[in-house]
Engineer: 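I have a structure I would like to understand better, so I am pasting it below and will then ask my questions one at a time.
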Protein chains: 2
Amino acid sequence: MNEGVEWALHSCLNLAWIGEERAVTAARLAAYHELPPAYLNKQLQSLVRAGILSSVPGCQGGFRLARSLDRITLMDVVTAIEGPDEAFRCTEIRGQGPGATTGRPTAECAIADAMGRADLAWRRELAAQTLADVRARAERQAPGAPDRIRRWFADL
Amino acid sequence: MNEGVEWALHSCLNLAWIGEERAVTAARLAAYHELPPAYLNKQLQSLVRAGILSSVPGCQGGFRLARSLDRITLMDVVTAIEGPDEAFRCTEIRGQGPGATTGRPTAECAIADAMGRADLAWRRELAAQTLADVRARAERQAPGAPDRIRRWFADL
DNA sequence: GTGGATATACTCGGATATTGACTGTCCGAGTAATATCGG
DNA sequence: CCGATATTACTCGGACAGTCAATATCCGAGTATATCCAC
């Protein structure tokens, strides 16, 4: 899986903790975790295209959450970064070679169907969890983190 | 996801339909779906290392199922080809940069935990389905396939 | 001193290199079948 | 004709290139701020 998913999730939580009063630049979000600034910017752009973040161009610009965390699921973020395709893609090799059933259209591939069920279970679990849930759990496990983050980003 | 997973699953089902009386070469299995023979051989070797297939070296050699389909899960095959690592890997970027909590070991990452739950749901679904289940469904959807396959592989 | 126009600095956005992993290929080790030769 | 041995053909197994997408970077478009100047 794309590494940008992890960066995007952390950045979304950081943006929520910072607050929405002003936009935060990609460079600043990247510096907090020592990530490549330009590449993180690329991932954030994907979130903007997906409607998860909104961007402000120009001086004093940056990114902010487009909607509250309880309306953003893990599935939303993963789809924004990774794309809509599922991991297992059936290339229908049944239709190649001497085993091909010439003429009539082939029935549903049982293998693709089985793999699709697993993929569906994965997506269900991702869609069931919102970033608000993740945030709540993170604050329970590390109560001091929100203040520490807010304070660091407040320093110009 | 690795394309070899699809090839491996189809090959396992084909081996089951052919029967276990004699080993089948990688070249023959590849020819049936017009796959690159040497590359399919590589994937089949992974299945051998995982104990799913057994291989017979030398002349008149080939591959055969090491155990019956009802004792092979989709999870087994995916793990054999893709490796044991889960799709989302947490690189613990919390521990990098100014946001790092110096000194004490960091608590469990809530993001990794949430992604891990989805991964677990995916694996559960893969482990719940055996190749015997997939075979049964395939035969229900295409009743003529088993005989057709057996006959083609019988021709030398 | 004040208002407006200009210059400036800063940030997003997309176009452009680079790297690593998946994909694909080739040759050697090992075995069964075959051919050869002697009895 | 029969048996033992050497040869051959064939297949797995791991080592070796090729290719594409993920990774990383750079430069231009656009905007708010600061500066400068005229009044």
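Here the structure is a predicted model, which means the values were calculated and not measured. Order of the sequence lines sets the chain letters (A, B, ...), proteins ahead of strands, with each chain counted from 1. Heavy-atom basis, side chains included; hydrogens, waters and symmetry copies ignored.
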Engineer: Is a side-chain donor-acceptor pair under 3.5 Å present for Glu86(B) with Trp122(B)?
Structural biologist: no
Engineer: Check this for me, if you would: do Asp113(B) and Arg117(B) make a salt bridge, where the nitrogen-to-carboxylate-oxygen distance has to be below 4.0 angstrom?
Structural biologist: yes
Engineer: Side-chain N or O of Gln45(A) less than 4.0 angstrom from OP1 or OP2 on dG14(C)?
Structural biologist: yes
Engineer: Please report, rounded to the nearest Å, how far the C1' atom of dA32(C) is from the CZ atom of Arg22(B).
Structural biologist: 15 Å
Engineer: Could you state the CD-P distance from Gln43(A) to dT23(D), rounded to the nearest angstrom?
Structural biologist: 7 Å
Engineer: Does a salt bridge link Arg151(B) with Asp155(B), judged by any charged N lying under 4.0 Å from a carboxylate O?
Structural biologist: no
Engineer: For Val24(B) and Gly58(A), take the nucleotide of DNA chain D holding the closest heavy atom to each; which residue's nucleotide lies nearer the 5' end?
Structural biologist: Val24(B)
Engineer: Would you check if there is a donor-acceptor pair between the side chains of Thr73(B) and Gln129(B) at a distance under 3.5 Å?
Structural biologist: no
Engineer: Should we say atom CZ of Arg71(A) is surrounded by more than 12 heavy atoms from elsewhere, each under 6.0 Å from it?
Structural biologist: no
Engineer: List in numerical order all residues of residues 32-42 of chain B for which some heavy atom is under 4.0 Å away from an atom belonging to DNA chain D.
Structural biologist: Asn41(B), Lys42(B)
Engineer: Where the side chain of Asn2(A) is concerned, which of dA9(C), dA22(D), dA32(C) is the nearest nucleotide?
Structural biologist: dA22(D)
Engineer: By salt bridge (Lys or Arg N to Asp or Glu O under 4.0 Å), which residues pair with Arg124(A), not counting sequence neighbours?
Structural biologist: none
Engineer: As a test of reading the structure: which of dA9(D), dA24(D), dT23(D) is closest to the side chain of Trp7(A), going by heavy atoms?
Structural biologist: dA24(D)
Engineer: Between Asp85(B) and Arg89(B), does any side-chain N to carboxylate O distance fall below 4.0 Å?
Structural biologist: no
Engineer: In whole angstrom, give the distance that lies between atom CD of Glu82(A) and atom P of dT23(D).
Structural biologist: 8 Å
Engineer: Reckon Ala23(A) touches a base, only the sugar-phosphate, or nothing at all at heavy-atom distances under 4.0 Å?
Structural biologist: nothing
Engineer: Considering just the side-chain nitrogens and oxygens of Ser55(A), establish if one lies under 4.0 Å of OP1 or OP2 belonging to dT11(C).
Structural biologist: no
Engineer: Could you tell me whether the phosphate oxygens of dG14(C), OP1 or OP2, come under 4.0 Å of any side-chain nitrogen or oxygen in Arg49(A)?
Structural biologist: yes
Engineer: What is the distance from CE of Met1(A) to C1' of dT23(D), rounded to the nearest Å?
Structural biologist: 17 Å
Engineer: Across the strands shown, which category fits Ala26(A) at heavy-atom distances under 4.0 angstrom: base, sugar-phosphate, nothing?
Structural biologist: sugar-phosphate
Engineer: Check the distance between dC22(C)'s C1' and Glu6(B)'s CD and give it to me in whole angstrom.
Structural biologist: 15 Å
Engineer: Take atom CZ of Arg28(B) and atom C1' of dT11(D), then tell me their distance rounded to the nearest Å.
Structural biologist: 14 Å
Engineer: Quick check: on DNA chain C, is the nucleotide nearest Pro57(B) upstream (toward 5') of the one nearest Phe63(A), or the reverse? Name the residue that is more 5'.
Structural biologist: Phe63(A)
